[in-house]
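Here's the structure, in structure tokens; my notes come after.
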Amino acid sequence: MEYAFRAIEQKWKKYWNDEEVYKVSNLSEKPKFYILDMFPYPSGAGLHVGHPLGYIASDIYARYKRLRGYNVLHPMGFDAFGLPAEQYAIETGQHPAVTTEKNITRYREQLDNIGFCYDWDRSVITSNADYYKWTQWIFLQLFHSWYDRKQNRARPIKDLITIFEKEGNSNNPCPDDDQMCFDGKQWKNFSEKEKRDTLMRYRLAYQGYAEVWWCEALGTVLANDEVINGVSERGGYPAERKQMRQWFLRITEFAERLQESLDTLDWSEAMKEMQRNWIGKSNGAEVRFEIQGFYNKHITVFTTRPDTIFGVDFMVLAPEHEIVDEIVASAQRDAVSEYKQYVKSRSERERMAEVKQVTGCFTGAYALHPLSMKPVPIWISEYVLASYGTGAIMAVPSGDERDHLFSKHFDLPITNIFGTNYDGSKAYSDKTGVLDNSEFLNGIEITKASEIAIRAIVDAGAGRKKVNYRMRDAGFSRQRYWGEPFPIVYISNIPYATDEPELDAYPTIQALPLELPLVENYKPGPEGESPLANVEDWVNTLAGKRETNTMPGYAGSSWYFLRYTDPHNDKEFASRTATDYWQAVDIYIGGTEHAVGHLLYARMWTKALYDLGHIGFDEPFKKLINQGMIQGSSRFVFELIVNKMSPKTNARTGRIFVSKSHYENLVKIQTDKEKVIQYLIDNGVAKYDVKDIRPDTKISIIKAHIDVNIVDGLELNVEEFSKRFNITDTNGYIIREDDGKYICDAEIEKMSKSKYNVVNPDDIVEQYGADTFRMYEMFLGPVEMSKPWDTKGIEGVFRFLKKMWRLYFDEQKGWIVTDEKPIEAELRIIHKTIKKVGDDIERFSFNTSVSQFMICVNELAALNCHKRDILEALVVLICPFAPHYAEELWH
RNA sequence: GCCCUGGUGGCGGAAUUGGUAGACGCGCAGGACUUAAAAUCCUGUUUGCCGUAAGGCGAGUACGGGUUCAAUUCCCGUCUGGGGCACCA
């Protein structure tokens with residue numbers, strides 16, 4: 001009896017399914033373990049061999065933990081809202097729900113083929129109404145909350161109203177306008193609209209006017225992390241900054257906590273670093289400069305180097321800074337407006353491309369240095385960004401490279417505050433040495449001067465210590481159809497959440513889910529509005545107009561890990577009992593591409609839900625593992641193309657393909673046309689004659705991708721190739737190696753359809769079985785590392801499974817396991833393996849586990865060991881890796 | 001430019017805390033079984049030199065230094081692959 005993987009896998013797949021073997025209960029005496037994969041977006045292309053890498057790793061770990069006596073939650077679902085489905089709908093007219101469902105079915109089949117132990121009963125699909133009902137509900141919780149900076153947590157907005165009624169906002173300044181100020185009495189006198197507008201500026205999910213990334217081609221607004229170098233992440237269309245009314249999440253209020261608790265997480269340093277970069281915390285000071293000749297007018301700057309305060313030689317404002325028009329001197333008015341016009345004309349892309357170009361314009365105004373009272377000229381320049389800090393800087397040319405370049409370019413004087421450390425050729429930005437030319441800071445070490453300078457600034461009433469963050473609030477609306485609708489209705493142009501008392505008279509409007517209506521087409525509505533704006537009987541309700549934007553892709557994925565704990569609950573997003581039992585995800589596996597998007601938003605939502613008392617933990621993912629990519633190993637054929645030269649009459653024509661060594665020979669003589677043609681003739685191409693070469697004859701050799709599935713190693717399956725390209729013995733040439741093979745070239749590239757290097761897991765499973773496939777993916781190398789796929793190598797793992805099989809079965813005799821007592825050598829081998837494999841699984845080193853299995857089986861085979869005690873242990877051990885196989889041997 | 005990661009045979013990779021470098025697999029070469037093929041099994045496979053051979057001597061983990069009885073591992077400098085950020089004050 002040999003290893004009949006197809007029958008075995010069919011049998012156990014059915015058994016697991018029929019008996020619901022992997023059903024997980026929330027009621028268990030066992031300790032819990034929650035291991036999760038980042039759920040996929042079900043695209044039309046299906047899975048390739050790279051996708052399941054992380055899934056296999058987590059599946060092995062889940063099965064291992066289960067064997068070790070844990071109650072393991074290991075679910076899978078689909079992140080089904082998003083742009084590609086909608087783009088596809090625009091192109092083909094097919095409803096996104098239809099294509100999404102089709103894709104999910106296909107994904108499900110592919111996943112089931114690999115033998116994962118998911119409890120499919122817990123699966124979530126973010127585009128299903130019974131799921132997004134709760135996405136909408138959480139949005140409402142954020143809408144009804146504000147951030148209490150003193151208690152450092154999110155709180156219900158009704159608490160804020162109570163505070164406002166009592167004392168106004170003096171103790172709770174407005175997050176986006178610290179000038180806003182009112183007392184309790186004024187609050188009570190506010191109109192309904194004023195009250196709502198004010199509250200909106202505190203809410204965690206709020207509507208605001210802000211500059212956002214607008215992508216004309218996609219007809220939508222994009223989040224900061226969806227724009228890369230000024231173009232959209234999906235599709236690569238140009239994006240521009242535009243003032244628009246949008247929904248936002250006030251994630252900036254969580255910046256400090258998001259940054260701080262990174263230290264408690266077991267994530268890779270690279271991942272944490274990316275989040276730290278994104279949050280962009282910097283310590284420094286805010287300093288106020290009065291403007292000469294104006295009463296009570298000032299510019300506030302943020303600086304990380306208050307120690308260099310005496311090196312300030314000028315100030316620079318962002319051209320968009322609102323104070324520019326107020327302070328500009330009449331002599332400079334034309335120059336300034338001309339410069340502003342110039343800046344406006346430049347696209348974001350141009351600005352990014354020409355970073356080092358120095359431009360700017362003097363305003364004619366002067367500010368007063370807060371400590372020395374020296375007047376300093378005020379300039380505007382595009383190198384100062386309106387969106388960071390206060391949109392204004394104090395320029396210290398001797399200590400900052402950009403300020404230095406600016407000074408040199410406009411020939412401004414430079415005050416040297418670093419003594420001999422500054423040599424006049426470039427700025428001195430190190431923090432070693434002492435200060436000079438700095439009044440009371442003279443002779444003080446740079447590292448110690450900041451504190452002293454800040455104290456002096458505070459004493460002068462000119463500023464304060466300040467922490468600044470680069471992160472901005474996250475845009476939360478899209479002018480799109482295929483997303484969650486907002487449960488928001490406008491009454492007299494004021495947005496109300498559907499669960500507010502104002503809508504109590506309309507229970508049908510209040511009900512969640514607010515379902516996405518069917519639309520006629522997916523084209524944008526008027527003025528860039530979402531397609532929903534076209535559905536009049538949906539938009540216009542008895543109470544007022546509905547919000548027509550939809551939520552962004554990351555909404556559904558920001559909390560799905562909570563839903564898995566209680567997926568069928570129709571009273572709550574998840575019961576507190578369920579989330580208390582399962583707690584945070586113990587191990588989360590996924591790619592690094594979500595470092596600053598999904599992972600940051602999910603962390604924020606978790607913190608908000610925690611603050612509001614809905615869950616009992618404030619970090620979603622304790623340990624994070626980033627699986628590497630499996631790259632494609634592309635194959636190339638070489639084609640020789642001859643232009644402007646006529647083939648001989650009555651010779652066969654057609655294309656000419658040459659094998660690798662011929663290609664190498666031809667490349668060397670490529671410039672000599674005569675030699676090339678002679679080479680072809682020598683190799684049997686009777687099509688040309690050397691005497692027919694013309695002066696304008698062009699010879700080129702191209703290297704073209706060829707489907708990896710018709711290449712074995714480097715050897716092309718010529719028969720299949722000829723069939724596909726319609727090359728026969730009479731209408732084309734394939735010049736092979738001396739041994740009759742056609743050898744291809746190979747390169748490692750990203751696996752993608754356009755490179756013809758995609759390997760489908762279904763094909764591998766069909767040929768070698770799921771268990772071999774699983775073990776091989778692990779055997780390739782560490783989970784975290786990127787490595788190329790090589791179908792040839794799978795033979796080794798396949799051979800190993802067959803070899804192990806023969807420890808149990810004999811071709812003639814059948815089952816040969818005996819009840820003999822093991823000898824010491826055998827026990828030694830199996831115990832070594834148990835120790836090693838166990839340790840390796842614990843540290844997620846599955847490639848070395850597989851190696852250890854191979855060693856073990858080789859050693860047992862050498863001892864001719866067929867003893868039950870030994871083999872039973874081995875089967876249990878291998879179960880997480882090759883589950884079907886192990887089940888079959890076990891029974 | 002800044003930050004994070006890596007660099008080990010022909011290839012994927014191992015060496016877990018500083019302790020025999022190259023496990024395991026692929027590929028390649030040779031051999032056994034077979035009329036033959038498939039399948040299976042065995043041997044060799046970092047490199048230079050010496051030896052018919054068993055074996056011996058030396059070099060070697062990107063490069064150059066250093067610490068140590070001992071370095072792929074720790075430290076300093078250089079080169080280089082990958083990823084992230086980028087006029088962020």
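Reckoned from all heavy atoms, side chains included, excluding hydrogens, waters and symmetry mates.
B:G9 adopts a syn glycosidic conformation, its chi angle falling within 90° of 0.
Using N1 to N3 plus N6-O4 or O6-N4 for Watson-Crick, or N1-O2 and O6-N3 for G-U wobble, each under 3.5 Å, B:A54 pairs with nothing. Nucleotide B:C28 has B:G44 as its partner under the Watson-Crick or G-U criteria, with both atom distances under 3.5 Å. Nucleotide B:C79 has B:G7 as its partner under the Watson-Crick or G-U criteria, with both atom distances under 3.5 Å. Pair check for B:C2 finds B:G84; Watson-Crick or G-U wobble, both atom distances under 3.5 Å. When both distances must be under 3.5 Å, the Watson-Crick or G-U wobble mate of B:G60 does not exist. Pair assignment for B:C69: B:G19, on the basis of Watson-Crick or G-U wobble contacts that are both within less than 3.5 Å. Pair check for B:A39 finds none; no Watson-Crick or G-U wobble contact set falls under 3.5 Å.
Taking the six-membered ring where the residue is Trp, A:W815 and A:Y808 present tilted rings, their angle falling between 30° and 60°. A:H598 and A:H594 have perpendicular rings, their planes meeting at more than 60° on a 0 to 90° scale where under 30° would count as parallel. Using the six-membered ring where Trp is involved, A:F410 and A:F406 have ring planes that are tilted, between 30° and 60° apart. Between A:W789 and A:Y776, the ring planes lie perpendicular to each other; the angle is over 60°, past the 30° to 60° tilted range.
Taking for each of A:T303 and A:K787 the nucleotide of RNA chain B with the nearest heavy atom, the 5'-most of the two is the partner of A:K787. In terms of position along RNA chain B, the nucleotide closest to A:T848 lies nearer the 5' end than the nucleotide closest to the other residue of the pair A:T848 and A:M854.
What separates CZ of A:F844 from P of B:G13 is a distance of 19 Å, to the nearest Å. Residue A:F800 contributes atom CZ, which lies 12 Å from atom C1' of B:G25 at whole-angstrom precision. For A:F289 and B:A89, the CZ to C1' distance is 12 Å, given to the nearest whole Å. Distance CG (A:D790) to P (B:G12): 10 Å, rounded to an integer number of Å. Taking atom CG of residue A:D839 and atom P of nucleotide B:U17, one finds them 12 Å apart after rounding to whole Å. Nucleotide B:A89 holds its P atom 13 Å from the CG atom of A:D307, rounded to whole Å. Rounding to whole angstrom units, CG of residue A:N847 and P of B:G13 are separated by 9 Å. Rounded to whole Å, the distance from CE on A:M778 to P on B:C26 is 18 Å.
Note on A:K835: nothing from the nucleic acid sits closer than 4.0 angstrom, heavy atoms only. At the heavy-atom level, A:S268 lies nowhere under 4.0 Å from the strands shown. Using a 4.0 Å heavy-atom cutoff across all strands shown, A:M785 reaches sugar-phosphate atoms only and no base atom. A:K802 comes within 4.0 angstrom of the backbone, heavy atoms only, and of no base. At the heavy-atom level, A:D403 lies nowhere under 4.0 Å from the strands shown. A:R806 comes within 4.0 angstrom of sugar-phosphate atoms only, judged by non-hydrogen atoms across all strands, and of no base.
Note that OG1 of A:T359 and OH of A:Y339 are 2.5 Å apart. Values are rounded to the nearest 0.5 Å.
The side-chain contact (heavy atoms from CB on, under 4.5 Å) test with A:Y885 is passed by exactly one of A:L801, A:I8, A:T772: A:L801.
Phosphate proximity of B:C26 to A:R799: present, with a side-chain N or O under 4.0 Å from OP1 or OP2. For the pair A:N858 and B:G25, the criterion of a side-chain N or O lying under 4.0 Å from OP1 or OP2 is met.
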